[in-house]
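Just below is one structure, and these are the notes that go with it.
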Amino acid sequence: MTPSAVSKANKALYTRIIAGIGGLLAGALSLGFSIYETRTGTEVAQVAPGKPVNAGQWLVTLNSGGIAAETPDGRRLPDGKKALTLDLTLENMTAGSSNLYRDTLKLENVANLPAPQFYLVRDGDLLWDLQPMMPEKVKVVWQLPATQTLPKVVNVAIVGTTYKPKDNLYAAPGWFNPNDVARVGLPLSAGQGANP
């Protein structure tokens with residue numbers, strides 16, 4: 001082998017080594033950024049009761065929590081049941097009426113929850129569609145077995161969504177990517193006739 005051939009082979013080897021090192025560094029940087037974004041993206045703000053939280057489609061203000069023996073429309077619960085209740089103010093921030101508020105609240109430290117019922121505080125009636133830009137005082141009710149132990153403070157995650165003018169599947173507008181935007185700790189108080 002001639003000296004020029006050896007020199008060319010060495011240059012090719014050095015080029016491959018440098019390219020490999022560059023590729024490893026790029027991969028390591030990409031992994032580092034992904035881990036950083038994931039770690040910082042999952043930090044959820046702890047919010048005090050009574051403070052409004054922007055959840056995209058909804059403006060949510062969690063005020064208080066309690067235990068009750070009747071529903072907001074005045075009906076007593078069946079024997080062997082108690083009601084876990086949350087008082088909140090809910091405002092529809094969109095241009096149209098909506099009833100997509102049911103997935104906005106997530107109780108993190110209460111197990112085996114049934115689907116909740118949402119009631120308007122002003123008349124005790126069930127809440128259906130919420131009109132835009134009209135804040136309403138709402139009571140959310142979960143009927144639970146009377147024997148179920150509840151924490152002194154209920155940890156509530158508020159789930160927000162992001163508006164997209166076109167989704168990836170149908171190119172239709174909507175609210176997507178639900179994620180926790182805030183957490184609120186609500187102490188539970190026992191209402192009239194309720195046993196905690």
Side-chain angles (χ1 to χ4, degrees), residues 22-23 25-65 71-73 84-143 153-186:
L25 285 174
L29 282 172
S30 175
L31 178 63
F33 281 128
S34 294
I35 291 171
Y36 174 77
E37 287 176 359
T38 300
R39 191 179 65 100
T40 57
T42 58
E43 293 175 6
V44 177
Q46 187 72 32
V47 176
K51 183 175 178 189
V53 174
N54 184 344
Q57 188 174 4
W58 307 102
L59 187 65
V60 181
T61 307
L62 286 168
N63 298 312
S64 62
T71 58
D73 57 5
L84 169 61
T85 65
L86 298 184
D87 289 291
L88 61 129
T89 304
L90 196 57
E91 183 174 354
N92 179 352
M93 303 301 288
T94 69
S97 300
S98 177
N99 62 4
L100 299 177
Y101 46 80
R102 296 190 176 277
D103 295 327
T104 306
L105 304 176
K106 189 169 57 176
L107 275 56
E108 298 183 318
N109 60 341
V110 181
N112 304 319
L113 286 171
Q117 291 291 331
F118 288 71
Y119 293 85
L120 287 167
V121 170
R122 62 181 156 86
D123 59 11
D125 202 6
L126 285 172
L127 173 61
W128 299 103
D129 285 358
L130 200 58
Q131 306 306 316
M133 306 303 173
M134 292 177 62
E136 288 281 4
K137 292 192 180 306
V138 174
K139 190 175 282 278
V140 187
V141 177
W142 288 267
Q143 288 192 31
V153 176
V154 174
N155 296 327
V156 185
I158 298 174
V159 179
T161 50
T162 305
Y163 179 76
K164 288 176 73 174
K166 293 184 177 181
D167 71 347
N168 296 336
L169 191 56
Y170 299 108
W175 292 88
F176 303 98
N177 306 325
N179 63 319
D180 296 353
V181 294
R183 283 194 175 86
V184 181
L186 290 176

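Given the structure is predicted, the values throughout are model-derived calculations rather than measurements. The chain is numbered in sequence order, starting from 1.
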Could you go through the side-chain contact (heavy atoms from CB on, under 4.5 Å) check for Leu105 and Val60 one step at a time? CA-CA 9 Å; Leu105 304 176; Val60 181; 4.2 Å; yes

Would Asn63 and Thr89 satisfy side-chain contact (heavy atoms from CB on, under 4.5 Å), going step by step from the backbone distance to the final call? CA-CA 8 Å; Asn63 298 312; Thr89 304; 3.5 Å; yes

Apply the test side-chain contact (heavy atoms from CB on, under 4.5 Å) to residues Phe176 and Thr161: give CA-CA distance (whole Å), side-chain angles for both, the deciding distance (0.1 Å), then the verdict. CA-CA 5 Å; Phe176 303 98; Thr161 50; over 6 Å; no

Could you give me the CA-CA distance, side-chain angles and deciding distance for Val138 and Val121, then say whether side-chain contact (heavy atoms from CB on, under 4.5 Å) is met? CA-CA 5 Å; Val138 174; Val121 170; 5.5 Å; no

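Under the salt bridge (charged side-chain N to carboxylate O under 4.0 Å, His left out) criterion, Asp73 pairs with Arg75, sequence neighbours left out. Every residue two or more places apart in sequence or in another chain was checked for a salt bridge (charged side-chain N to carboxylate O under 4.0 Å, His left out) with Glu91, and none qualifies. Applying the salt bridge (charged side-chain N to carboxylate O under 4.0 Å, His left out) rule to Lys106 yields the partners Asp180; only residues at least two apart in sequence or on another chain are considered.
Side-chain atoms of Tyr101 come within 3.5 Å of backbone N or O of Trp128 as a donor-acceptor pair. Remark: the backbone N or O of Asn155 is paired with a side-chain donor or acceptor of Asn109 at under 3.5 angstrom. Using modelled atom types, no side-chain atom of Arg122 and backbone atom of Glu136 make a donor-acceptor pair closer than 3.5 Å.
Annotation: side chain of Thr94 is in contact with side chain of Trp175 (closest heavy-atom distance under 4.5 Å).
Considering every non-hydrogen atom in both Val184 and Ala48, the closest pair reads CG1-C, 4.3 Å. Taking all atoms of both residues into account, the shortest heavy-atom contact from Tyr163 to Pro173 is OH-CB, 3.3 Å. Scanning both residues, Gln46 and Gly185, for their nearest heavy atoms gives NE2-N, 3.6 Å. Heavy atoms only, all atoms of each residue included: Asn92 and Gln131 are closest at CB-O, 3.4 Å. Across all their heavy atoms, Phe118 and Pro116 have their closest contact at CE1-CG, 3.8 Å. The shortest non-hydrogen separation linking Ala55 to Ile158 is CB-CG2, 4.0 Å.
Atom OG1 of Thr61 sits about 8.5 Å away from atom NZ of Lys137, to the nearest 0.5 Å. The distance from the CG atom of Leu90 to the CG atom of Leu62 is 9.5 Å, given to the nearest 0.5 Å. Put simply, CG on Asp87 and CG on Leu186 are 9.0 Å apart, with the number rounded to the nearest 0.5 Å. Rounding to the nearest 0.5 Å gives a distance of 10.5 Å between CG of Asp167 and CG of Asn177. Rounding to the nearest 0.5 Å gives a distance of 8.0 Å between OG of Ser64 and CG of Leu86. Note that CE of Met93 and CG of Leu59 are 5.5 Å apart. Values are rounded to the nearest 0.5 Å.
For CG of Asp103, the number of neighbouring non-hydrogen atoms (other residues, nucleotides, ligands) closer than 6.0 Å is 12 at most. Under a cut-off of 6.0 angstrom, the local environment of CE in Met134 is sparse, with at most 12 non-hydrogen atoms contributed by other residues, nucleotides or ligands. No more than 12 heavy-atom neighbours from other residues, nucleotides or ligands sit within 6.0 angstrom of NZ on Lys51.
Using modelled atom types and a 3.5 Å distance limit, the side chains of Ser98 and Gln57 yield a donor-acceptor pair.
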